[in-house]
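The structure under discussion appears below in the form of structure tokens.
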Amino acid sequence: MSLHPMYARPRDLEQASELLASLSSGAVIIAGGQEIMPYINYGVMMPDVYVDIGGIDALRGVSAETDEVSIGPLTVHRDIQNIEEIVETLPLLAYAAKQIGGGMQVHNRGTIGGNIVAMHPLYDIAPALLALEADVELLSEKGSQRMSLAELQDLSNHGLGTSSILTKILVKPMSPTTLWGYYKLKNSAGAYGSANAAVVIQLDGENIKSIRVAIGAATEKVVVVSANLDSYLGGPYSSEVGLAIQKTCSDAIGEPLSDQQGDGVWRKAMAGVAARRATEMALGKLNNSSSNG
Amino acid sequence: MVKGKQLSESYVGQSVRAKELRAPLVGKAKYTNDYTFEGQLYAYILRSPHAAAKINSVDLSGAKKISGVHLALCGRDIFEHTNGITDHLNPAIFGGKSTRLPMMAVDEAWCYGQPVAIVIAEDERTARYAASRIQVDYTLKEPVVDAEKAIAKGARSVVPEWDDNVLIYVPFMNGDTQAAFDQADKIVTTDVKIHRFSSQPMETRCYNAVWEHDTESITLYGTCQNPHPLRLVLAETLRMNENKIRIIASTIGGAFGLKMHGHPEEPLICLMTKLIRRPVKWVENREECLLIGAREQQHKVEMAFDSDGNMTGLRDHFLANIGAPSACPGWGMAFLTGLTMPGPYKVENIDVHMNAVTTNKPSWNAARGYGKESTAIALELAMDNAARQFGISPIDLRLRNFITKDQFPYPSPTGLVYDSGDYGGVLLKALETIGYEDWKDKQKAALAEGRHIGIGMAFELTPEGGTIPGTMVAGYDSSSVRVGPDGTVRVLTGITSPGTHNGTAIAQIVADELGIDMDRIEVLQGDTNSSPYGFGNYSGRSTIVGGGSAALAAKDVRNKINAVAAALLEVEIETLSLSEGIFSSSDNGDATLTFAEVCYASYTRAYDVAMCIDPPLEATRTFKPPGISHLPDENGRINPYPSYSNAVYVVVCEVDTETGKIDLLSLAAAHDCGKVINPILVEGQVCGAFAMGLGGALTEDVQYDANGVQLTKSFKDYVMLRMADMPSVGMAHHDSPNPDNYLGLKGAGEAGVGGSAAALVNAVNNALEPLEVVIHEMPLTPSRVWSAVQNANNSEGVK
Amino acid sequence: MEDLLDISALIQLRVDGQFHELDVLPSRTLLDVLRDDLGKKGTHLGCKTGHCGACTVMIDGKVAKSCITMAATLSRAEITTIEGLADDDGSMHPIQQAFWDEAGLQCGYCAPGIVLSSLELIQNNHNPSTKDMEVALAGNLCRCTGYQSIKRSVTEACVRMYPEEK
């Protein structure tokens with residue numbers, strides 16, 4: 001808690017990592033600031049040190065190789081929405097980024113890394129990345145470590161703190177035959193999501209080969225549903241299958257959130273509805289190949 | 001689009017461009033927080049985190065140690081040196097209770113957020129940090145949060161010296177309602193729950209109190225709707241002479257009642273500058289602003305009908321949860337809700353009771369509609385409910401029961417006298433504007449596909465220009481018109497603008513009266529040192545009394561100018577004409593004079609040609625609308641409103657029954673605000689009010705936990721409508737001018753919140769009628785709508 | 001590592017065409033710097049949580065909420081505020097003129113933010129649909145107008161800024 005905080009802008013990752021290791025608990029990492037500034041403005045957070053990672057070039061840039069797309073965490077949402085490499089190889093992610101609230105202002109300054117490390121239950125990036133089975137790379141005192149985003153979500157409760165820096169987001173490019181959908185249920189245009197469902201489906205002819213659903217905003221942590229959907233694999237999609245997916249996803253919500261947007265009972269049901277609608281959106285692509293969601 | 005005025009046209013009635021809009025567009029408007037003075041200090045207020053607690057001690061030492069802190073005080077420190085805050089509207093005048101209203105809590109905190117201590121420092125961050133160092137020792141008390149529990153037997157009194165928690169009980173009775181109910185063919189009961197929501201203007205409150213060393217007086221720069229009345233409050237509370245206080249209300253970023261006086265911070269910040277002799281600024285943050293709310297009322301509306309659907313009796317015993325005691329006029333809203341019953345309906349037997357219940361919630365302040373919006377919500381939801389139960393159209397039921405065109409002036413059962421109106425005409429116009437029949441067809445087609453479209457309508461009666469005897473809520477106001485030697489004009493008026501540009505409307509009126517170009521007129525408002533004594537803006541009064549008084553003053557000055565022109569041209573006054581700034585006379589051929597020449601002569605020829613007048617070219621006049629009567633009738637009732645604007649709002653929406661989400665498809669409003677001075681400004685008001693009412697009905701909600709701690713702290717939780725939520729609003733006028741007011745003005749600006757909210761609820765219930773779902777509790781969030789649909793499905797078995 | 005830490009940061013901003021080198025404390029937002037250090041009061045404080053958009057400015061040509069932008073992180077940036085739109089001789093930018101003529105504001109408090117967000121939209125899309133406007137203005141709240149006159153103003157601004165593209 002400090003009235004006179006210090007500020008540092010490390011030049012590179014090595015400097016940043018060393019600095020963070022040397023600091024005690026009162027430090028925060030800042031990039032775009034869209035997440036932490038409201039807390040700073042109200043005095044809810046009063047860090048002793050701000051470590052500004054905005055000057056570290058290694059954290060920028062997007063490169064798409066055949067088997068992996070590497071996204072720098074400082075990439076802003078607007079670029080995630082528009083950069084050719086992401087639109088073409090990770091269309092689900094580009095679309096989810098378009099659903100982020102706060103307007104163009106937040107899209108211009110908010111970073112994908114900041115969004116991820118905030119681990120805010122109501123955000124849009126994590127469900128999309130979890131549906132895509134993304135990995136992350138973290139740098140800490142112990143060196144660089146790669147893990148799945150799902151694993152990171154399990155490890156942390158809220159935010160990453162300053163024990164490590166998110167250095168890369170790594171996603172396998174989506175195959176052109178992969179169908180995807182994203183459905184964000186919110187009460188009104190300015191509301192946060194109440195159920196954000198990302199769906200990735202692989203078809204084999206007319207039959208479902210694989211389906212993976214990630215649902216955010218319904219629980220404290222994003223819920224990934226795939227195992228329980230096994231029973232629908234091998235057959236075609238139908239409205240019955242849709243309703244079954246809905247029920248499975250709703251059942252997967254153990255402790256739904258309850259806030260001013262809606263209570264837990266409703267949210268649990270909405271998780272299912274959002275999942276089904278995202279699935280319908282994904283499959284709509286079959287019928288109308290010109291639709292872009 | 002605004003248009004240029006044609007030669008012979010008057011300004012009144014034209015969508016003239018408002019001058020006041022230029023400054024904010026170039027970033028040069030002066031809002032209160034834009035003023036910073038030499039030696040500026042900043043205040044931060046420490047507030048109670050508990051809804052009800054005894055304050056055992058306040059230890060300020062931790063705050064005082066922080067470098068940059070100039071002063072730290074708590075309620076006990078200032079108690080003896082100040083008076084309680086003067087009420088905006090004292091309940092005791094009307095038989096209610098009163099209590100001393102402190103600037104900061106002394107021995108106990110009676111709501112979450114009540115000021116407990118204040119820190120003055122070099123900057124706001126330091127002040128806030130220092131405030132976090134203050135130690136307050138509280139003993140928690142059992143919070144009284146729910147209105148029904150607050151009036152139950154044995155409930156703890158929020159105000160220790162009161163016997164109970166009823167701030168004021170007011171009955172509104174007329175005729176023999178019991179007989180009407182006994183003889184009724186049908187009784188329809190509707191439980192309407194209106195929630196607590198808030199105006200939340202984009203600019204929060206700000207007060208910057210400056211100690212003037214030369215005159216040993218205070219200048220308060222403040223976001224104040226009523227500068228002159230506030231000046232008196234400050235004088236009384238701070239034990240100062242009123243003539244030692246000046247208030248400057250510069251450009252205000254929206255008010256909607258939230259900035260009417262009574263807030264503890266008003267005298268508190270002034271006290272700080274008095275003590276410290278340096279300017280002290282306080283900027284309300286959004287979390288603090290969200291503490292202010294209104295409208296939480298529970299109505300049990302009972303309507304007695306004969307078999308033809310004529311309403312023969314109305315009963316409504318309602319509770320208003322007005323929160324902790326306050327000097328703000330919030331409680332008066334509940335009073336107005338009752339006084340405005342039975343709205344536009346001609347039922348004469350009424351039995352309406354209002355209980356304004358004090359609880360440990362943060363206090364109400366006035367909010368747009370001032371209680372009349374809640375009358376509309378209660379009545380219109382009940383009317384639709386009745387229509388459904390009768391199986392007749394909601395249009396027919398209303399037309400059957402509206403006061404008719406020929407019944408005006410109409411004496412209402414509560415003592416009001418409605419001036420003019422054509423309620424049926426307004427309803428039909430609104431329905432025509434939305435394209436009602438087309439939407440009915442679309443609704444049918446949608447239902448066949450399993451989709452639920454709903455069409456809802458609601459009427460809102462808005463008495464405007466209100467005045468309450470014995471209070472500073474006054475029905476009259478004054479303006480000065482001053483024409484200078486160069487022929488340009490200053491208008492100073494006692495009314496203020498919250499951002500509605502009544503200044504432009506007044507300039508239009510004065511330009512027409514003086515016969516000159518509007519560009520030659522400046523309207524000045526908000527400075528108590530220069531404006532004539534006035535009461536500010538509220539209740540849609542600004543154009544009625546501000547415009548009315550400016551017109552009278554302008555006429556006086558015009559008469560003087562005419563006299564001098566006639567003298568200069570050596571003609572009779574009747575032969576004069578003024579066109580495009582030039583005086584000429586049918587009696588004097590080619591002789592002409594410019595307006596400016598005449599004005600100059602008025603000032604410089606006082607002893608010869610202009611001796612027919614008294615210089616200067618200035619006049620101050622007051623307009624007292626004749627429709628107001630404060631002398632009680634034989635039943636002890638008064639008519640405190642001179643004019644009665646009214647409107648019908650229509651909403652078309654689609655309900656997604658699977659999620660409960662409501663999408664707005666089309667909106668329309670037809671309104672009667674008497675004469676319209678500037679259509680583009682009035683339409684802007686209607687549209688804005690629509691968005692505010694719909695926001696209230698759909699998403700806006702101020703919530704508390706069981707202990708009375710406020711949960712709604714930011715716009716994350718308090719969600720207002722954005723552009724993407726609002727379809728276009730089709731608008732129509734259906735004006736019946738007030739015969740007594742200048743130009744027939746009835747006032748605009750206040751109406752719309754209730755009618756639009758009610759229309760939305762009615763639309764949703766209309767959409768869900770096939771499912772036999774009815775919701776009368778607001779807001780209609782998706783989870784509420786969804787639950788209602790689920791419950792209906794469950795009770796009907798599997799659908 | 002101690003030499004990395006500092007009590008303040010030196011930043012270089014060109015604000016509405018004027019160059020400033022400022023030593024800012026990390027606790028200061030861009031809004032604080034604009035209003036208090038540079039005396040530019042045209043940009044407003046509405047919520048301090050980044051929801052209302054009254055604080056909107058352009059940073060390097062793109063809209064941003066200045067109340068949630070830490071000034072220290074802007075080592076070199078070009079800032080445009082509402083006060084930077086008019087010409088040096090005071091004549092209004094066509095978008096300002098359009099908002100004035102169409103009464104696209106009432107109290108004016110949200111207007112600077114709305115105008116800049118609209119300007120970014122129109123610069124990228126000379127003929128935006130209502131849906132485009134809704135997306136562009138998703139981060140801006142208005143409490144007075146109900147948004148109708150704002151839509152009119154944006155359409156009118158397009159006509160004035162790009163008359164050949166009807």
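Because the structure is predicted, anything quoted here is derived from the model rather than measured. These numbers come from the heavy atoms of this one structure, side chains and all, not from hydrogens, waters or symmetry mates. Proteins get letters first, then strands, A, B, ... in listed order; numbering begins at 1 in each.
At a 4.5 Å heavy-atom cutoff, B:Q40 makes no contact with chain C through either its backbone or its side chain. With a threshold of 4.5 angstrom between heavy atoms, B:Y718 approaches chain C through side-chain atoms but not through N, CA, C or O. Proximity to chain C (any heavy atom under 4.5 Å) is shown, for B:N33, by both the backbone and the side chain. For B:S728, the parts lying near chain C are the backbone and the side chain together; criterion is any non-hydrogen pair under 4.5 Å. Residue contact with chain B, scored on non-hydrogen atoms closer than 4.5 Å, involves the backbone and the side chain of C:L141 alike. Neither the backbone nor the side chain of B:S497 comes within less than 4.5 Å of any heavy atom in chain C. Of the two parts of C:S149, neither the backbone nor the side chain holds a non-hydrogen atom closer than 4.5 Å to a non-hydrogen atom of chain B. For B:F690, no part sits under 4.5 Å from any heavy atom of chain C, backbone or side chain. Heavy atoms closer than 4.5 Å to chain C are found in both the backbone and the side chain of B:K716.
A donor-acceptor contact closer than 3.5 angstrom links the side chains of B:Q200 and B:R286. No side-chain donor-acceptor contact under 3.5 Å links B:S542 and B:N537. Using a 3.5 Å distance cut-off with no hydrogens or angles, the side chains of C:D6 and C:S8 do not pair a donor with an acceptor. The closest side-chain donor-acceptor pair between B:Q685 and B:T500, if any, does not fall under 3.5 angstrom. Checking C:D16 against C:T81 by side-chain atom types alone, a donor-acceptor pair falls below 3.5 Å. Between B:N678 and B:Q508, the side chains place a donor N or O and an acceptor N or O closer than 3.5 Å (distance only, hydrogens not considered).
For the pair C:F99/C:E156, no side-chain contact is recorded, criterion being any heavy-atom separation below 4.5 Å from C-beta on. Counting heavy atoms from C-beta on, the side chains of B:Y207 and B:C224 come closer than 4.5 Å. For the pair B:C289 and B:R205, the minimum side-chain heavy-atom distance is 4.5 Å or more. Contact check for C:D87 versus C:H93: no side-chain heavy atoms found under the 4.5 Å cut-off. Looking at C:L85 and C:I82, their side chains come closer than 4.5 Å, going by heavy atoms from C-beta outward. By the 4.5 Å heavy-atom criterion applied to side chains, C:T69 and C:L74 are counted as neighbours. Residues B:T433 and B:M731 fail the side-chain proximity criterion, which asks for heavy atoms closer than 4.5 Å.
Proximity to chain B among residues 25-37 of chain C is limited to C:S27, C:R35, judged by heavy-atom separations below 4.5 angstrom. Heavy-atom neighbours of chain B within the stretch residues 40-64 of chain C, taken at a separation under 4.5 angstrom, comprise C:K41, C:G42, C:H44, C:L45, C:G46, C:C47, C:K48, C:T49, C:H51, C:C52.
When each of B:T36, B:V283, B:D725, B:L721 is scored by its heavy-atom pairs under 4.5 Å with chain C, the top score falls to B:L721. Highest contact tally toward chain B, considering only C:C107, C:G146, C:A111, C:P112, is held by C:C107 [criterion: heavy-atom pairs under 4.5 Å]. Top candidate by heavy-atom pairs under 4.5 Å with chain B, chosen from C:E134, C:R143, C:M92, C:K131, is C:R143. Between chain C and the residues B:L681, B:N285, B:V729, the most heavy-atom pairs under 4.5 angstrom are made by B:V729. Chain B forms more heavy-atom pairs under 4.5 Å with one residue of C:G108, C:G39, C:A86 than with any other, namely C:G108.
Between B:K281 and B:E124 there is no salt bridge, since none of the side-chain N atoms of the basic residue sits less than 4.0 Å from a carboxylate O of the acidic one. Salt bridge C:D101/C:R160: present, at least one basic N to carboxylate O contact under 4.0 Å.
A distance below 6.0 Å separates the ring centres of B:F37 and B:Y221.
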